[in-house]
Trainee: 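Let me begin by handing over the structure; questions about it come next.
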There are 2 protein chains.
Amino acid sequence: MHEPVDLLKAISDHGRLRILKLLETRSLCVCEITEIIGLATSTISSHLNLLKNSRLIEDEKDGKWINYRLASPADPLFAQLWPLISKRLELDPVVAADKKKAAQVDRYKICGNGK
Amino acid sequence: MHEPVDLLKAISDHGRLRILKLLETRSLCVCEITEIIGLATSTISSHLNLLKNSRLIEDEKDGKWINYRLASPADPLFAQLWPLISKRLELDPVVAADKKKAAQVDRYKICGNGK
DNA sequence: ATTATATTTCTAAGAATATCGAAATGAATG
DNA sequence: CATTCATTTCGATATTCTTAGAAATATAAT
């Protein structure tokens, strides 16, 4: 499971790349990520689980939320590849939009109470 | 099709990584690659086609053979990522075995006549 | 030209993946 | 302790991927 191909598979999904890019800036809870990315909660949860099993992210409880962040120390190969991929992703309009949303998102507003 | 995620998907397969690694040393024809990797010819052909469509490799006719080689100039992101991945792949025993086989393989012997 | 052969394309099967909604879990709040 | 709410798990479906063998293509050799 620490084969290069497994790492590559873990990051070969647009949704997961968007999640990793988000977590680059700051840690976020599942409902924040869900709100920003716009997929079903269960889908986001499954992506997070996959990234966690690949040791690319970690989680930590915070009251009623679970915050996810990039794993540290990072997987050695990921640490080498990610800065290059990350930079390239910034040209992606979807990723840029995600970043804007992330700057404004407030978990007290979006989680739970309807919208 | 020049999105980072498409490049990552193209290289997220052990067979395709093995092919890229082989072509790093020298260009090879389809039957040589097939002999070394040990998958069906049609499977190798389909991997080669995918890598070619992703602009990671190129082909060139050579008598009755078609030689494949790494594309040059390489895709910019691939050019950055590949040396890092390639180095890591050298720890893979399968990749090491491929390299040995590639050094010995002779297309006049293996192509066509039975074995 | 006929044959041999290297490669691709077609067809099909099985495995893996992405997705969602509903149900379950589990912790925090009142 | 009952309720609320964030998150995960389950069940189900649709899609994509990997693979192989057979048929088709095209080129070289005889």
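Below, chains carry the letters A, B, ... as their sequence lines are ordered, and counting in each starts from 1. Just so it is clear, the values below take in all heavy atoms, side chains as well, and ignore hydrogens, waters and symmetry mates.
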Trainee: Is the shortest heavy-atom distance from the side chain of A:L8 to the side chain of B:L17 under 4.5 Å?
Mentor: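 They are in side-chain contact.
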Trainee: C:dT9 P sits how many Å from B:N49 CG, rounded?
Mentor: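 After rounding, the reported distance stands at 6 Å.
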Trainee: Can you pull the salt bridge (Lys or Arg N to Asp or Glu O under 4.0 Å) pairs that have at least one residue in residues 67-83 of chain A, sequence neighbours excluded?
Mentor: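 Every salt bridge (Lys or Arg N to Asp or Glu O under 4.0 Å) pair that includes a residue of residues 67-83 of chain A, provided the two are not neighbours, is A:E58-A:R69, A:E60-A:R69.
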Trainee: Taking OP1 and OP2 of D:dT8, is either one under 4.0 Å from a side-chain nitrogen or oxygen of A:Y68?
Mentor: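 Affirmative; the distance criterion is met.
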Trainee: How would you list all residue pairs meeting ring-ring contact (aromatic ring centres under 6.0 Å, His included) that involve residues 14-38 of chain B, not counting sequence neighbours?
Mentor: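 Checked against ring-ring contact (aromatic ring centres under 6.0 Å, His included) - neighbours excluded - no pair reaches residues 14-38 of chain B.
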Trainee: Please enumerate all residues that pass side chain to side chain donor-acceptor pair (under 3.5 Å) together with A:D13, with sequence neighbours excluded.
Mentor: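 Applying side chain to side chain donor-acceptor pair (under 3.5 Å) to A:D13 gives none.
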Trainee: Can I get a per-line list of side-chain donor-acceptor pairs under 3.5 Å for residues 39-50 of chain B, giving both atom names and the distance, sequence neighbours left out?
Mentor:
| from | atom 1 | to | atom 2 | distance (Å) |
| --- | --- | --- | --- | --- |
| B:H47 | ND1 | B:R16 | NH1 | 3.1 |

Trainee: For nucleotides 19-30 of chain D, just jot down a letter per nucleotide in 5' to 3' order: B, S or -, based on protein non-hydrogen atoms under 4.0 Å.
Mentor: BBBB----SS--
Trainee: Can you pull the salt bridge (Lys or Arg N to Asp or Glu O under 4.0 Å) pairs that have at least one residue in residues 77-98 of chain B, sequence neighbours excluded?
Mentor: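 Qualifying pairs, neighbours excluded: B:R18-B:D98, B:K21-B:E90.
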Trainee: Without decimals, in angstroms, what is the distance between B:L50 CG and C:dT7 P?
Mentor: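 From B:L50 CG to C:dT7 P: 19 Å.
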Trainee: Should we count NZ of B:K101 as having more than 12 external heavy atoms under 6.0 Å?
Mentor: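 More than 12 within 6.0 Å, yes.
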Trainee: Between B:S12 and A:L48, which has a closest nucleotide on DNA chain D that is more 5'?
Mentor: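 Mapping each residue to its closest nucleotide by heavy atoms, the 5'-most match is A:L48.
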Trainee: Using atom CD1 of B:I66 as one end and atom P of C:dT9 as the other, report the distance to the nearest whole Å.
Mentor: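 Rounded to the whole Å, the gap is 10 Å.
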Trainee: Whole Å only: how far is the CG atom of B:D59 from the P atom of C:dT8?
Mentor: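 Nearest whole value for this atom pair: 7 Å.
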Trainee: What's the NZ-C1' distance between A:K9 and C:dA15, to the nearest Å?
Mentor: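 A:K9 atom NZ is separated from C:dA15 atom C1' by 11 Å.
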Trainee: Just how far, in rounded Å, is C1' of C:dA6 from CG of B:D106?
Mentor: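 Between C1' of C:dA6 and CG of B:D106: 15 Å.
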Trainee: Dot-bracket, 5' to 3', for DNA chain C please: Watson-Crick or G-U pairs under 3.5 Å, [ ] where pairs cross earlier ones, | where the partner sits on another strand, dots elsewhere.
Mentor: ||||||||||||||||||||||||||||||
Trainee: Name all residues meeting the side chain to side chain donor-acceptor pair (under 3.5 Å) criterion together with A:W65; count only those two or more places apart in sequence or in a different chain, and write none if there are none.
Mentor: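 In terms of side chain to side chain donor-acceptor pair (under 3.5 Å), with neighbours along the sequence ignored, A:W65 is linked to no residue.
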Trainee: Any ring-ring contact (aromatic ring centres under 6.0 Å, His included) involving residues 69-107 of chain B? Give me the pairs, sequence neighbours left out, ordered by first then second residue.
Mentor: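 Counting only pairs at least two positions apart or across chains, the ring-ring contact (aromatic ring centres under 6.0 Å, His included) contacts touching residues 69-107 of chain B are B:F78-B:W82.
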Trainee: Check DNA chain C against residues 96-103 of chain B and give the residues with a non-hydrogen atom under 4.0 Å, in numerical order.
Mentor: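 Output list: empty, so none.
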Trainee: Figure out the CG/P separation between B:L28 and C:dA6, and round it to whole Å.
Mentor: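 One finds 15 Å between P of C:dA6 and CG of B:L28, rounded.
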Trainee: Return the value, rounded to whole Å, for the distance between atom CG of B:D6 and atom P of D:dT16.
Mentor: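 After rounding, the reported distance stands at 13 Å.
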Trainee: Taking salt bridge (Lys or Arg N to Asp or Glu O under 4.0 Å) as the cut-off, I'd like each qualifying pair that reaches into residues 45-56 of chain B, sequence neighbours left out, listed once.
Mentor: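 Applying salt bridge (Lys or Arg N to Asp or Glu O under 4.0 Å) to every pair that reaches into residues 45-56 of chain B, excluding sequence neighbours, yields B:K52-B:D59.
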Trainee: Residues two or more places apart in sequence or in another chain: which of them pass side chain to side chain donor-acceptor pair (under 3.5 Å) with A:S12?
Mentor: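 A:S12 satisfies side chain to side chain donor-acceptor pair (under 3.5 Å) with B:S12 once adjacent residues are dropped.
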Trainee: Please tell me if A:R107 has a side-chain N or O lying less than 4.0 Å from either OP1 or OP2 of D:dA6.
Mentor: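 No, because none of the side-chain N or O atoms of A:R107 sits under 4.0 Å from OP1 or OP2 of D:dA6.
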